[in-house]
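Take a look at the structure set out below.
All ligand and atom numbering here is 1-based and tracks the order in the structure.
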Amino acid sequence: MSELYDVLVIGGGPGGYNCAIRAGQLGLKVACIEGRGTLGGTCLNVGCIPSKALLHSSEMFETADKDFAGLGIKTKVELDLPTMMDSKAKTVDALTKGIEFLLKKNKVEYIQGFGVIIAPDTVEVDGKTYTTKNIVIATGSEVATLPGVDIDEKNIVSSTGALSLSEVPKKLLVIGAGVIGLELGSVWRRLGSEVTVVEYLPHILPGMDGEIQKQATRMFKKQKVKFELGRKVAGVVKTKSGLNVITEAATGGKPKDIEADVVLVAIGRRPFTDKLGLETVGVATDKRGFVATEHFKTNIDGIWAVGDCTTGPMLAHKAEEEAVAVAELIAGKAGHVNYDVIPGVIYTNPEIACVGQTEEELKEAGIPYKSGKFPFMANSRARANHETDGFVKILAHAETDEILGAHMIGKGVSEMIAEVALAMEFKAASEDIARTCHAHPTCSEAVRQAAMDVENWAMQM
Ligand code: FAD
Ligand code: NAI
């Protein structure tokens, strides 16, 4: 039996390691238990970081191949996939080791192994028991699977396999036009795959602002991504030449077969709490398996949960916010997360970024709003860079002018969304952004101009 901990955090992803670090900073005796052999969770090992590394290098490849000549730079471009993969692996390795350093620096004990809750105050790891005043469940999520489509991580892959393919598939079929499908579909398209995306709904990117969905669809089609919308995959059959994907209309009807070399299953993720011992101690889950919480507390005293294994957007920064809040609550402080201001970014080219409510949500809720919009085509920096696709849209309350949402599509909007998130955190009005001096020429001037357009005084070119 070990000495008593203040907090045992199960899971070393953004939810787990940030909670452990904050608890360490606040002087609590804390350990972080991780079973995969490296820290950083899905995000650093097989999620955010490797996908962004490949998105970056594949974008550089495509730019060098297709756009350099028009800028007066002559090059002969050739793909070296093993080096591209190696560069991604080095980034992941450096960052996961960085987390280990951060744990040490903040006096967090790192326990390697799979944690099982055997009592409300006890966790067992590889036969050794640890007792604690608090347990934080941060066990994350795993890939959702589809009946009739058996993932082998070779030809039929999840995001994990799609981040490590050893050659560029000639034909890649993606199931699901969500975030993973479009990001990883973009990576392989840029490297030479013909990409077809089969999506159950009649549109891509569910939950995003309608205008963004339309513009993004146009943009991906221009990049020669094929969409089969309103269709579902009924099964995948291995043939001599590759894979035969059987699709049918979402409403039923005659099947249509599509050939592919590789199929990527990207239909969402589900909470991972297998063999964790939730039933042993009676921790309640909802009907989809998410750990049920109220202000991060489960139904069992002293057991908390954060990140992907609980409800809410499955995003690293959401997990991180909850992680810090829980550590602060355990330390007797006032931990809080503002779920109204959690940005979302899709790292395609152009990028897509949003924060707050969509127009559709505002209409549905009956909230009166004004909208301001500004195209990058009218922004001088975007023109100089030949990156004019897209727009910024700002939604503000019709009476108070408080910013209620922002939706952007364009090069670099992943960085611009932070400005609006900060403004919303301070409950700013659209006029506050409209009257803030922005450097010229910058693409972020489009954010200001969209805010000015809320009151119809946008002017820039
Ligand atoms: P996880 O990161 O899943 O970490 C949970 C950890 O717990 C895992 O390491 C697991 O091994 C460990 N664990 C589970 N059970 C146990 C146990 N019993 N004992 C010990 N250890 C255990 N989000 C973004 O915000 N931006 C992005 O760009 C982005 N890109 C993504 C790209 C891909 C391809 C994928 C798949 C996801 C992406 N995400 C992104 C989502 C992001 O990765 C998750 O939201 C985030 O990792 C959730 O953090 P978490 O700590 O809750 O869980
Ligand atoms: P998703 O929920 O974004 O998209 C899944 C898509 O699959 C939806 O459009 C859905 O309608 C469709 N679908 C579901 N069942 C289907 C079926 N049988 N046939 C055809 N289509 C079907 O999920 P995704 O892309 O797998 O990502 C999982 C999570 O990872 C997301 O919640 C996201 O938050 C996170 N993530 C975040 C990233 C980011 O922030 N940039 C990047 C990658 C992942």
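Every atom of ligand 1 is numbered from 1 in the order shown, and the set under 4.0 Å from a heavy atom of Cys43 is 2 (O), 43 (O), 47 (O). Ligand 1 places these atoms under 4.0 Å from at least one heavy atom of Leu276: 18 (N). Listed by number with element, the atoms of ligand 1 under 4.0 Å from a non-hydrogen atom of Ile33 are 20 (C), 21 (N). Atoms of ligand 1 lying under 4.0 Å from at least one heavy atom of Lys52, given by number and element, are 27 (C), 28 (O), 29 (C), 30 (N). Heavy-atom proximity to Val345, at under 4.0 Å, picks out these atoms of ligand 2: 39 (C), 40 (O), 41 (N). Interface atoms of ligand 1 facing Met314, defined by a heavy-atom separation under 4.0 Å, are 41 (C), 45 (O). Remark: ligand 1 atoms within the under-4.0 Å shell around heavy atoms of Gly307 are 52 (O). Set against the non-hydrogen atoms of Leu146, the atoms of ligand 2 under 4.0 Å away are 18 (N). Each of the atoms 20 (C), 21 (N) of ligand 2 lies under 4.0 Å from some heavy atom of Val198. Listed by atom number, the atoms of ligand 1 under 4.0 Å from Ser51 heavy atoms are 32 (C). Set against the non-hydrogen atoms of Phe272, the atoms of ligand 1 under 4.0 Å away are 14 (C), 15 (N).
Salt bridge annotation for Arg22-Glu328: present, with a cationic side-chain nitrogen under 4.0 angstrom from a carboxylate oxygen. Electrostatic pairing of Glu199 and Lys232 does not count as a salt bridge here, judged by no charged N lying under 4.0 Å from a carboxylate O. Between Asp389 and Arg218 there is no salt bridge, since none of the side-chain N atoms of the basic residue sits less than 4.0 Å from a carboxylate O of the acidic one. Salt bridge annotation for Lys128-Glu124: absent, with no cationic side-chain nitrogen under 4.0 angstrom from a carboxylate oxygen.
Here Leu315 has side-chain heavy atoms under 4.0 Å from ligand 2, and that is the only part of it that gets that close. Under 4.0 angstrom from ligand 2, there are no non-hydrogen atoms of Ile204. Contacts with ligand 2 closer than 4.0 Å are made by heavy atoms of both the backbone and the side chain of Ile180. The side chain of Ile175, and not its backbone, has at least one atom closer than 4.0 Å to an atom of ligand 2 (non-hydrogen atoms only; side chain from C-beta on).
Nearest residue to atom 39 (N) of ligand 1 from Gly13, Gly12, Cys48 is Cys48 (criterion: closest heavy atom). For atom 24 (P) of ligand 2, the choice among Ser414, Gly268, Gly181, Gly178 with the nearest heavy atom turns out to be Gly268. When the heavy atoms of Met314, Arg231, Glu351, His203 are ranked by distance to atom 32 (O) of ligand 2, first place goes to Met314. The closest non-hydrogen atom to atom 42 (C) of ligand 2, taken over Leu205, Val179, Thr42, comes from Val179. Distances from atom 34 (C) of ligand 1 to the heavy atoms of Gly35, Ser159, Gly115 show the closest one on Ser159.
Looking at Val46 next to ligand 1, no N or O pair under 3.5 Å apart turns up.
Lys275 does not count as a contact of ligand 1, since none of its heavy atoms falls under 4.0 Å from the ligand. Under a 4.0 Å heavy-atom criterion, Pro206 is in contact with ligand 2.
Geometric assessment of Lys29 against the ring of Tyr5 yields a positive cation-pi assignment under the 6.0 Å and 45° thresholds.
The two residues Thr311 and Glu322 have their closest heavy-atom pair at O-OE2, 4.4 Å.
Remark: atom 14 (C) of ligand 2 lies closer than 4.0 Å to at least one protein heavy atom.
For atom 45 (O) of ligand 1, the closest non-hydrogen atom of the protein is Asp308 OD1, 2.8 Å. When hydrogens are left out, the protein atom nearest atom 2 (O) of ligand 1 is Thr42 N, 2.9 Å; that is the closest non-hydrogen contact. Closest to atom 32 (C) of ligand 1, if we only count protein heavy atoms, is Gly47 C, 3.3 Å.
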